[in-house]
**Q** 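Questions regarding the structure given below will be posed in turn.
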Amino acid sequence: MGIKGLMPFLSDSAPSCVKETKMEAMTGRVIAIDASMCLYQFLVAVRQGASQSNLANEAGEVTSHIQGFLSRTVRLLECGIRPVYVFDGKPPELKRETLREREERKQEADGELAAAMESGDADAIKKASHRTVRATPQMNADVQELLRLLGVPVVLAPCEAEASCAALCKAGKVYATATEDMDALTFGTPKMLKNLFDTESSRTAQKRPVFELTLSRVLEQLDVSMATFIDFCILCGCDYCGTIRGIGPATAFKLLKLHGSLEAAVATIDANKLPPEEQWQISEARALFSSPPQVDPSQVDLKWTSPDVAGLKSFLIDRHSFNEGRVTKVVERLSACRAAGSQSRLESFFTAKAPKTLPASEKFNPFAKRAAGSPATKRAREIGGGSNTGKAKVQRKQLS
DNA sequence: ACTCTGAATCCAGACGTA
DNA sequence: TGATTCAGAGT
DNA sequence: TACGTCC
């Protein structure tokens, strides 16, 4: 979920916070990853056959998530990235309504799935089954065991994973948080990576680059404090409050600039357009974003160790019916990158990156008129890091 | 006229082989 | 669930 | 690159 419409808004209004990069550029870095989100994605994506069923072991237990985590993690390690997987804890009370709605939709999908199976409509089965996915405690335990065997650190967040990722990043324990969820920024992650796992797959031809977002640049170019940014995100719409019809990022930002505080901005809105009281706990949402329950980074000891080969084989082959030959290959890949695993980045000499201040002229003005005329203004994908020398690198091939 | 929101729609991993 | 596209409401 | 397979 995250913050409604935040990414397009930042691309347009604070382009200097977005930098294009590649996974290969992350070699030697420690990256925090929202494990619960990965788990969900693997369950949705790793499927097969007309019935779109998950992979399963001989006992009939789903193994899609194990397959997904295994191959992705090996890929990261081969790339010299040191991943830290952060698991969700107990969801905050404020999220209750969001979770209730989500569960409601899943139950609807359950019904649709049953109906589709009845009628044998393969297409409908496929669509409905993707919406009925639920991550079970057992699946979380499976993944944690796998990661332990791989020698990759696991962090159990007390509450939202994104909040603990942010804490680790603020403390300098990780370089960035890799997530698709924009509220990582709202939780205060200094750096986040978006699309890190996008594969250069063929079909869609839309190989999006990895985006590196820098929170300090967001605040600088939008010319707001962190507190105001949090208020802005709440007004845009987040998991913890309802949304206000007719208010999106652009309007939300103008209102905050005009009136200073969230309360003052909201006071100018027709009262019966606001969500009901119980879904509009502004100050509670604000508190959750600014000081959420999170791990204490000083208590977290991150270690990457050699894999427990025997344990890994037993877990994958005996317990989960993986093919022995394939597992052997995975183990070989792991030991191959182990040698390169301790490599650290050798770039600190060059990157004495001067924290160049953004010229006032480049600060976002929400009241300025848009540059008219340019026909390509529609979706200006200027994400070149704001450098004015940046030629618009338009390399999009539009066939047909 | 222009901009924005919100509903509708499509899609969702990673690997190896041919 | 997110990204993208389109229609229509709001300004 | 396109497509089938992983369990």
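A quick note: this is a predicted structure, and the numbers were derived from the prediction, not measured.
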**Q** From CG of A:Asp270 over to P of C:dG10, roughly how many Å is that when rounded to an integer?
**A**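 To the nearest whole Å, that distance equals 12 Å.
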**Q** Between C:dG2 and A:Lys4, is there an OP1 or OP2 to side-chain N/O distance shorter than 4.0 Å?
**A**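 False: A:Lys4 side-chain N/O out of range (4.0 Å or more) of C:dG2 OP1/OP2.
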**Q** For a side-chain contact (heavy atoms from CB on, under 4.5 Å) with A:Met192, tell me which candidate from A:Asp183, A:Leu185, A:Thr214, A:Leu215 qualifies.
**A**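 Of the listed options, the one satisfying the test is A:Leu185.
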**Q** Hey, does A:His320 reach any base, or is it just sugar-phosphate, or nothing, if we go heavy atoms under 4.0 Å?
**A**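 It contacts sugar-phosphate atoms only.
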**Q** With heavy atoms under 4.0 Å as the rule, sort A:Glu58 into base, sugar-phosphate or nothing.
**A**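 Nothing: the residue A:Glu58, judged by heavy atoms under 4.0 Å, touches no strand.
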**Q** Would you indicate whether the side-chain heavy atoms of A:Leu94 and A:Gln281 approach each other to under 4.5 Å?
**A**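 They are in side-chain contact.
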**Q** Taking for each residue the nucleotide of DNA chain B bearing the nearest heavy atom, is the 5' side occupied by A:Ile244 or by A:Arg326?
**A**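 Between the two, 5'-proximity favours A:Ile244.
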**Q** OP1 or OP2 of C:dG10 sitting under 4.0 Å from any side-chain N/O of A:Arg245?
**A**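 No, A:Arg245 has no side-chain N/O under 4.0 Å of OP1/OP2 on C:dG10.
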**Q** So, applying side-chain contact (heavy atoms from CB on, under 4.5 Å) with A:Phe187, which one of A:Gln294, A:Glu162, A:Lys170 is it?
**A**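 Considering A:Gln294, A:Glu162, A:Lys170, a side-chain contact (heavy atoms from CB on, under 4.5 Å) with A:Phe187 is found only for A:Glu162.
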**Q** Rounded to the Å, how far apart are A:Leu43 CG and B:dA14 P?
**A**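 Atom CG in A:Leu43 sits about 14 Å away from atom P in B:dA14.
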**Q** Among C:dT1, B:dC15, D:dC7, find the nucleotide with the atom closest to the side chain of A:Asn323.
**A**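 For the A:Asn323 side chain, the nearest candidate turns out to be D:dC7.
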**Q** Under 30°, 30 to 60°, or over 60°: which ring-plane class applies to A:Phe9 and A:Phe253, parallel, tilted or perpendicular?
**A**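 Tilted.
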**Q** Within this structure, what is the CG-to-P distance between A:Asp239 and C:dT1, rounded to whole angstrom?
**A**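 Atom CG in A:Asp239 sits about 10 Å away from atom P in C:dT1.
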**Q** Any base atoms under 4.0 Å from A:Gln67, or only sugar-phosphate, or nothing? Heavy atoms, all strands.
**A**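 Touches a base.
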**Q** Tell me, please, which residues at least two apart from A:Phe229 pass ring pair (Phe, Tyr, Trp, His ring centres under 6.0 Å).
**A**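 Residues passing ring pair (Phe, Tyr, Trp, His ring centres under 6.0 Å) with A:Phe229: none at all.
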**Q** Find the partner of B:dC11: check Watson-Crick (N1-N3 plus N6-O4 or O6-N4) and G-U wobble (N1-O2, O6-N3) distances, both under 3.5 Å, and reply none if neither fits.
**A**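 When the pairing criteria are applied, nothing turns out to pair with B:dC11, so the answer is none.
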**Q** For A:Gly246, answer base if it contacts any base atom (sugar-phosphate contacts may also be present), sugar-phosphate if it contacts only those atoms, and nothing otherwise; contact means non-hydrogen atoms under 4.0 Å.
**A**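 If one applies the 4.0 Å heavy-atom cut-off, A:Gly246 turns out to touch the sugar-phosphate alone, with no base involved.
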**Q** Looking at B:dG13, I'd like to know if its phosphate oxygens (OP1 or OP2) sit under 4.0 Å from a side-chain N or O belonging to A:Arg47.
**A**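 No, because none of the side-chain N or O atoms of A:Arg47 sits under 4.0 Å from OP1 or OP2 of B:dG13.
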**Q** When the distance from CZ of A:Phe9 to P of C:dT4 is rounded to whole Å, what number comes out?
**A**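 Spelled out: CZ on A:Phe9 to P on C:dT4 is 17 Å.
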**Q** Quick one: label A:Ala56 by what it contacts on the DNA or RNA (base, sugar-phosphate, nothing), any heavy atom closer than 4.0 Å.
**A**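 The residue A:Ala56 makes base contact.
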**Q** So A:Leu70, base contact, sugar-phosphate only, or nothing? Heavy-atom distance under 4.0 Å.
**A**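 Since no nucleic acid heavy atom lies under 4.0 Å of A:Leu70, the category is nothing.
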**Q** Whole Å only: how far is the CD atom of A:Gln48 from the C1' atom of B:dG16?
**A**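 From A:Gln48 CD to B:dG16 C1': 14 Å.
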**Q** What is the pairing partner of B:dC2, taking Watson-Crick or G-U wobble pairs with both distances under 3.5 Å in any strand?
**A**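 C:dG10 is the nucleotide pairing with B:dC2.
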**Q** Rounded to whole angstroms, how far apart are CG on A:Asp198 and P on C:dA3?
**A**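 Answer to the nearest Å: 10 Å.
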**Q** In whole angstroms, how far is the P atom of D:dT5 from the CD atom of A:Gln52?
**A**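 One finds 14 Å between P of D:dT5 and CD of A:Gln52, rounded.
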**Q** Show, in sequence, the C-alpha distance, side-chain angles and deciding distance for A:Leu316 and A:Leu70, and conclude whether the side chain to side chain contact (heavy atoms under 4.5 Å, CB included) test is met.
**A** CA-CA 10 Å; A:Leu316 291 174; A:Leu70 179 64; 3.9 Å; yes
**Q** Nearest of D:dC7, B:dA14, C:dT1 to any side-chain atom of A:Arg102?
**A**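 Between D:dC7, B:dA14, C:dT1, the one nearest the side chain of A:Arg102 would be C:dT1.
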**Q** With rounding to whole Å, what would you report as the distance between D:dG4 and B:dA12 at their P atoms?
**A**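 These two P atoms come out 15 Å apart once rounded.
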**Q** Please give the distance between the P atoms of C:dT1 and B:dC15 as a whole number of Å.
**A**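 Roughly 26 Å separates the two P atoms.
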**Q** Name the nucleic acid region contacted by A:Tyr40, choosing base, sugar-phosphate or nothing; use a 4.0 angstrom heavy-atom cut-off, strictly under.
**A**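 Touches nothing.
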**Q** Does A:Thr251 or A:Phe42 map to a spot on DNA chain B nearer the 5' end, using the closest nucleotide for each?
**A**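 First, find each residue's nearest nucleotide; the 5'-ward one identifies A:Thr251.
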**Q** Would you indicate what A:Asn54 reaches in the nucleic acid, counting non-hydrogen atoms under 4.0 angstrom: base, sugar-phosphate, or nothing?
**A**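 Since no nucleic acid heavy atom lies under 4.0 Å of A:Asn54, the category is nothing.
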**Q** Choose from B:dG13, D:dC6, B:dA14 the nucleotide whose nearest atom is closest to any side-chain atom of A:Ala45.
**A**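 Comparing B:dG13, D:dC6, B:dA14 against the side chain of A:Ala45, the answer is B:dG13.
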**Q** Do the side-chain N or O atoms of A:Arg72 get closer than 4.0 angstrom to the phosphate oxygens (OP1, OP2) of B:dG13?
**A**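 No.
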**Q** Return the value, rounded to whole Å, for the distance between atom CG of A:Leu55 and atom P of B:dG13.
**A**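 Between P of B:dG13 and CG of A:Leu55: 14 Å.
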**Q** May I ask you to check whether A:Tyr240 and A:Phe289 place their ring centres under 6.0 Å from each other?
**A**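 Yes, they do, as the ring centres are separated by less than 6.0 Å.
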